[in-house]
Structure formats: C-alpha cells, structure tokens
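In what follows, chains are A, B, ... by sequence order, proteins preceding strands, each numbered from 1.
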Protein chains: 2
Amino acid sequence: MPSTTKRTEQYQYVQETLKRSGLKWTRPRCLISDVLFHSDRHLTVEEIFRALREEPPIAVATVYRTVRLFENLGFLAGVDLGDGMERFEWIHSARQHHHLLCTKCRSVTEVDADILNEPKETVFLDTGFQIDEREITFTGICKECKLKE
Amino acid sequence: MPSTTKRTEQYQYVQETLKRSGLKWTRPRCLISDVLFHSDRHLTVEEIFRALREEPPIAVATVYRTVRLFENLGFLAGVDLGDGMERFEWIHSARQHHHLLCTKCRSVTEVDADILNEPKETVFLDTGFQIDEREITFTGICKECKLKE
DNA sequence: GTTCGTGCAAAGACTTTGCATTACT
DNA sequence: AGTAATGCAAAGTCTTTGCACGAAC
C-alpha cells in the first residue's frame, strides 16, 4: 500500500468511513481509491483494472464491487458518457461540475455546476420538480473541432 | 400493416426517406415505427418487442437493427434513464424537450428545451463549446413525492 | 476466532453479428 | 431478378453472483 504524506489525509477519511460501517481497509480498496483519487479523468472499470494489473493483480469482479461500494458511500460519482460503459470519478469535496463531451474528438471539458442554477429554479417554480443533479454530460462540438470544420 | 388515415402522413415520410436511401419498407419497420410513433412513453427494445409479440412475431435482433437504423435516420432519439437500458422515443418535429426523472417514483415529466438556452449561451461564450443536446434527463424529486416526505 | 473481502469461474443481462432464407422493388 | 431485410442462433460486451479460501479486526 502506498503511503505518501499527501495521501494520508484521503486514506484516513476513507478508512474511517469504512470502519464506521464495520467494513475493512484492504489492499484492493486502498489501490482503487488511490487510482481514482489521483486521476483527473473519468475511468471505466476496465481502465481501473488495467492500471492495477501488476503485482498480484486485482480481480475485475473486485473492481466492480469496490466501485459500487465507494459509490454508495458517496466517494465516487458515476458518469455516463454514452458509450455503454459506466465511468467513475472521485468526488473531491469542492468544485461541483458538469461535463462537455465533444462528439467529434471525444474530449471532455468541465464546467462549473452553477450554470444550471437558473434552469433549476425555473423548473421548480413551473413544475414543483426539484432537480438534484450531481453531474450532467452535455454533448456538442468543442472549440478546436469547430475551427477545423 | 395498419393503415388508418391519420397514420398515412407519418408512413409516407418514413417510407420516402427509406426509399431515398435504397432501403425497403417492410412489415417490421412499419410496425416498429407505428409503436414508437404512437407511444408517449420512452420504450426499451424489450418493450417494443413485447408490444409486437403477436401474429408472426418480430425477432429481437430486428428490433435492435430497426431502432439503430431509425436513430441514424433521425426518426428516433435515444434516451438514457440511467437504468442500463437504452430507451427510444419518436422525434415529433415540434416540441423539443428534456426529461425530469423522479428518483423516488420513477415518473418522467417533460420540460421545454429552451430552459437551457441561457446556460448554452454562457458555456459558448466562456469556453467556445457548442452544446448540441437533443435530450437531457435531469434526476430529482417530483412534486408529489416531495409532498409525501 | 469472527467476520468481511477476494479471486475465480460461472452465470446474467443486453446487444451485435453471420448466414441462409424471405420479402420488397 | 436483384438487392436488402429478416429470423435464428451463436457470439460479444459489460456486469453480477456463488462459493471456498484468505485477510482484516
């Protein structure tokens, strides 16, 4: 298990949350949280699995189970990029955001979540529906691809 | 093949579009477009298949192929309600809209697409990304479920 | 020593594909 | 007749599950 000083804080939080529920701090959980915590991209189960294929590798089934667990505990958010595979990203406390997925180059840009504040309010006033959206993926064309057209 | 007067218009449009590409107007395509055209809900492949199980039933594979074809031709829009199955709805020319999915009762409400006009503009001005979104599903709590809490 | 977690392989759910046959045009 | 579409079953993906062994508390 890695143990840089920077990592200590994150590990303690995860570890304590697990312990509080009678769950255990294991090698797979440590490594998987590590990969997700330090990735700025949104990883598929396959990608997490490949990132950890060395040493005694971790079973894919374990990656699935761990990712579901972390999701339920609120550490991870599932992201749908519309390619049939679920992706995961660590929820870093601050910075709520949405994603802009370019349909040409498949690049992903992040935008601040508050761009939806006004629509949320409109919807609530109109229909009484309270939108509670952690993450939305908007598709479209990014600046670069637009210029190349 | 059904042939009500009301249906004629739709059929002609679909049929002509197919013909223009050298494609054929067949019983499965007729029935599937019919089901989707007249449904106000968003159907999964399974649901379309079940709706047509009588008479000489249509193979599931054909439903998949037809739905993909219609999607590519722009007749259908794929909708993701986050339950792992793709759903489809007929694009009735007017009324672009988004969906509000209640996470408690699973009901789906529609809202006008223009609630996103402002955010789209903001995003474009800030990042140059041109959002081109036909359909977005927002999750949250509907009015009724909110009252029951 | 308990209890929970892991690895493995098998099974599930949804979707796609290959190929001979059938149906449009 | 000629080409495209269908049905069927097999194969593909991605994901979940059952169970015995191993690790954490």
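Here the C1' atom of nucleotide C/dG12 and the OH atom of A/Tyr64 are 13 Å apart, to the nearest Å. Taking atom CZ of A/Phe49 as the reference point, atom P of D/dT15 lies 13 Å away to the nearest angstrom. Taking atom CG on A/Asp83 and atom P on C/dT16, their separation rounds to 13 Å, with Å as the unit. Going from atom CD1 of B/Ile32 over to atom C1' of D/dG7 covers 13 Å, rounded to whole Å. A straight line from CH2 of A/Trp25 to P of C/dG5 spans 13 Å, rounded to a whole angstrom. Going from atom CG of B/Leu31 over to atom P of D/dG7 covers 10 Å, rounded to whole Å. Protein atom CZ of A/Arg87 is 10 Å distant from nucleotide atom P of D/dT15, rounded to whole Å. The distance from atom CD of B/Glu47 to atom P of C/dT15 is 11 Å, rounded to the nearest whole Å.
In this structure a side-chain-to-backbone donor-acceptor pair under 3.5 Å is missing from B/Ser21 to B/Leu23.
For C/dT25, the base has no donor-acceptor partner in the side chain of B/Lys19 [N/O atoms by modelled type, under 3.5 angstrom]. The base of D/dG7 sits with one of its N or O atoms less than 3.5 Å from a complementary donor or acceptor on the side chain of B/Arg65.
Taking the centre of each ring, B/Phe75 and B/Tyr13 come in below the 6.0 Å mark.
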Take A/Arg27 and A/Ile58 through the test side chain to side chain contact (heavy atoms under 4.5 Å, CB included) and record every step on the way to the result.
-> CA-CA 9 Å; A/Arg27 195 182 84 98; A/Ile58 291 167; 3.9 Å; yes

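Closest contact between the side chain of B/Ala61 and the listed nucleotides C/dT25, C/dT3, C/dT17 involves C/dT17. With distances taken from any side-chain atom of B/Arg68 to the nucleotides C/dT15, D/dT6, D/dT3, the minimum falls on C/dT15. Here the nucleotide nearest the side chain of A/Leu23, chosen from C/dC4, C/dT6, D/dA4, is C/dC4. For A/Val45, whose side chain is taken as the heavy atoms from C-beta onward, the closest listed nucleotide among D/dA23, D/dT6, D/dT15 is D/dT15.
To the nearest 0.5 Å, the span separating CD on A/Glu144 from OG1 on A/Thr109 amounts to 8.0 Å.
Using a 4.0 Å heavy-atom distance criterion, A/Glu46 is classed as making no nucleic acid contact.
With DNA chain C read from its 5' end, the first of the two nearest nucleotides for B/Met85 and A/Ile58 is the one closest to A/Ile58. Mapping B/Pro56 and B/Gly22 onto DNA chain D by nearest heavy atom places B/Gly22 at the nucleotide closer to the 5' end.
Put simply, B/Thr26 has a side-chain N or O that comes within less than 4.0 Å of OP1 or OP2 on D/dT6.
The pair A/Glu71-A/Arg68 meets the salt-bridge criterion, since a charged nitrogen lies less than 4.0 angstrom from a carboxylate oxygen.
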